[in-house]
Amino acid sequence: MGRIPILRDFIGIIKDKASQSKAALLSDPKTLSLHLALLRATTHDPFTPPDRRHLATLLASGHTSRATVSTAIELLMDRLQTTRDASVAIKCLITVHHIIKRGSFILQDQLSVYPSNGGRNYLKLSNFRDKTTLLTWELSYWVRWYALYLENLLRTSRVLGFFLSSASSSVDNNEEEEEKVSSLTNSQLLKDINSLGNLIEQISRMPNSWHTNGNILVDEVLGMVGEDYLASTNEVSIRVSEFKERLSCLSVFESVELGFALKRLEDCKERLSALGQMRNVLVETVWGSISEMKDQVGNDELYGEEGRLMTMESSKNKVSESSRYG
């Protein structure tokens, strides 16, 4: 059954047409097609995802000059950080996610270093709120969460050395990945697991609002994050298996840090199960190996408040090897 258009829909269409007309008049002719593709991929319609044709145009820019790619990222970030519309913001974030997953190396590189001075929360959406309707208000929760998630994804990718769940990465080849992981130091493995834990923890904090259930934009986000979740649990599994081989060689401090990281992951599992959106037979197998490994590392007393205090106290008296990779 079709949805009845409302005044806000017509206003959104007018805004989209006005933005495209302005771009046609003021944009550099060399990047006009990119600007128009971006505007058409990030319309004000809260019930349609970014058009695949326009996304393909943006991704194709990654095979041109670095100057063109830099312009494309600047246009995307300017659109994201100046809009007050939840639909536009979430479509911009979906576009960012597509670049992380399917963009060329130059596109990914320009995205990961934007802005040039770096900084935490550089997507600048922690205070985003669109109060126009109940739907846009709840979509605003998704915008804030999704921006933080993508920042976590970029940070985790920097730690791992490749873009997680990216088509250009070699993570699909488990044997190759296992060989690479086997050459890492204990501190590097701990840093990897903690970073992956941060990412999975952010996934477990996703909003769960009634009015966005079945919304096509939210479904698009869930699909892409779900792919990342499978990739991240696979990476955790590879590192947990490696730690099983090294269990007898871990120091007391490393054992405590590993146990605490695994307990934090288990807490995420409970929240993800409650959401009911991230269940998978292979993933459940990974969670089983995490639980088994946690039991091997030490008894439950390590993971309560005493364990947390022990980790903090150890940090005061001993600088861990992993801190050198900060």
Side-chain angles (χ1 to χ4, degrees), residues 12 15-16 18-24 26-46 48-126 128 130 139-140 142-155 157 163 165-168 217 220-221 224-225 228:
K15 285 183 177 180
D16 291 333
S19 298
Q20 293 169 31
S21 299
K22 182 179 178 181
L26 302 178
S27 294
D28 186 332
K30 295 179 181 178
T31 58
L32 176 58
S33 61
L34 274 179
H35 200 172
L36 290 176
L38 172 63
L39 293 173
R40 290 165 180 164
T42 57
T43 62
H44 289 73
D45 187 352
T48 58
D51 189 286
R52 300 294 176 182
R53 295 170 300 167
H54 304 314
L55 283 176
T57 300
L58 292 169
L59 293 175
S61 70
H63 302 288
T64 58
S65 68
R66 186 171 286 273
T68 301
V69 171
S70 178
T71 299
I73 296 298
E74 287 180 6
L75 288 170
L76 173 58
M77 290 304 179
D78 183 66
R79 175 79 161 161
L80 175 61
Q81 293 172 358
T82 57
T83 187
R84 295 294 177 267
D85 187 276
S87 303
V88 173
I90 203 164
K91 289 179 187 181
C92 286
L93 292 172
I94 289 172
T95 303
V96 169
H97 206 165
H98 274 286
I99 291 173
I100 294 173
K101 295 170 72 66
R102 300 178 179 88
S104 67
F105 170 78
I106 299 178
L107 259 177
Q108 293 173 336
D109 181 59
Q110 288 294 304
L111 178 66
S112 65
V113 299
Y114 180 91
S116 58
N117 61 344
R120 189 176 178 85
N121 193 30
Y122 73 84
L123 294 180
K124 299 179 181 177
L125 295 173
S126 57
F128 184 91
D130 182 352
L139 280 177
S140 298
W142 283 92
V143 169
R144 296 194 297 274
W145 170 82
Y146 198 20
L148 283 174
Y149 169 75
L150 291 175
E151 288 171 3
N152 269 281
L153 179 59
L154 286 169
R155 282 197 292 271
S157 297
F163 285 91
S165 196
S166 168
S168 61
L217 293 179
E220 181 97 354
V221 171
M224 297 182 74
V225 173
D228 295 343

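The first residue in the sequence is number 1, and the count goes up from there. Since this is a predicted model, take the numbers as computed values, not measurements.
- R155 CZ to L150 CG: the interatomic distance, rounded to the nearest 0.5 Å, is 11.0 Å.
- Side chain of N152 to backbone of L148: a donor-acceptor contact under 3.5 angstrom is found.
- The structure places OG1 of T42 at 13.0 Å from CD1 of I90, a figure rounded to the nearest 0.5 Å.
- Listed here is the closest heavy atom pair of I94 and P50: CG2-CG, 3.9 Å.
- Rounding to the nearest 0.5 angstrom, the gap separating the NZ atom in K101 from the CG atom in L153 is 8.0 Å.
- Taking each heavy atom of G62 and S104 in turn, the nearest pair found is O-OG, 2.8 Å.
- E220 approaches P49 most closely through the heavy-atom pair OE1-CB, 3.9 Å.
- Taking CG from L55 and OG1 from T95, the interatomic distance works out to 5.0 Å, rounded to the nearest 0.5 Å.
- Going from atom CZ of R84 over to atom OG of S140 covers 11.0 Å, rounded to the nearest 0.5 Å.
- Judged by distance alone, the side chain of T31 and the main-chain N or O of L34 form no donor-acceptor pair under 3.5 Å.
- Between L111 and M77, some side-chain heavy-atom pair lies under the 4.5 Å cut-off.
- The shortest distance between side-chain heavy atoms of D51 and R40 does not fall below 4.5 Å.
- Looking at D45 and K91, no side-chain N of the basic residue comes within less than 4.0 Å of a carboxylate O on the acidic one, giving no salt bridge.
- Contact detail for V69 and S61: the closest heavy-atom pair is CG2-O, 3.2 Å.
- A distance of 10.0 Å separates CG of L36 from OG1 of T57, quoted to the nearest 0.5 Å.
- Closest heavy-atom contact between L107 and L58: CD1-O, 3.9 Å.
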- With side-chain contact (heavy atoms from CB on, under 4.5 Å) as the test, would you mind laying out the steps for V143 and D130 before giving the verdict? CA-CA 10 Å; V143 169; D130 182 352; over 6 Å; no
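- Minimum heavy-atom separation, I100 to Q108: O-NE2, 2.9 Å.
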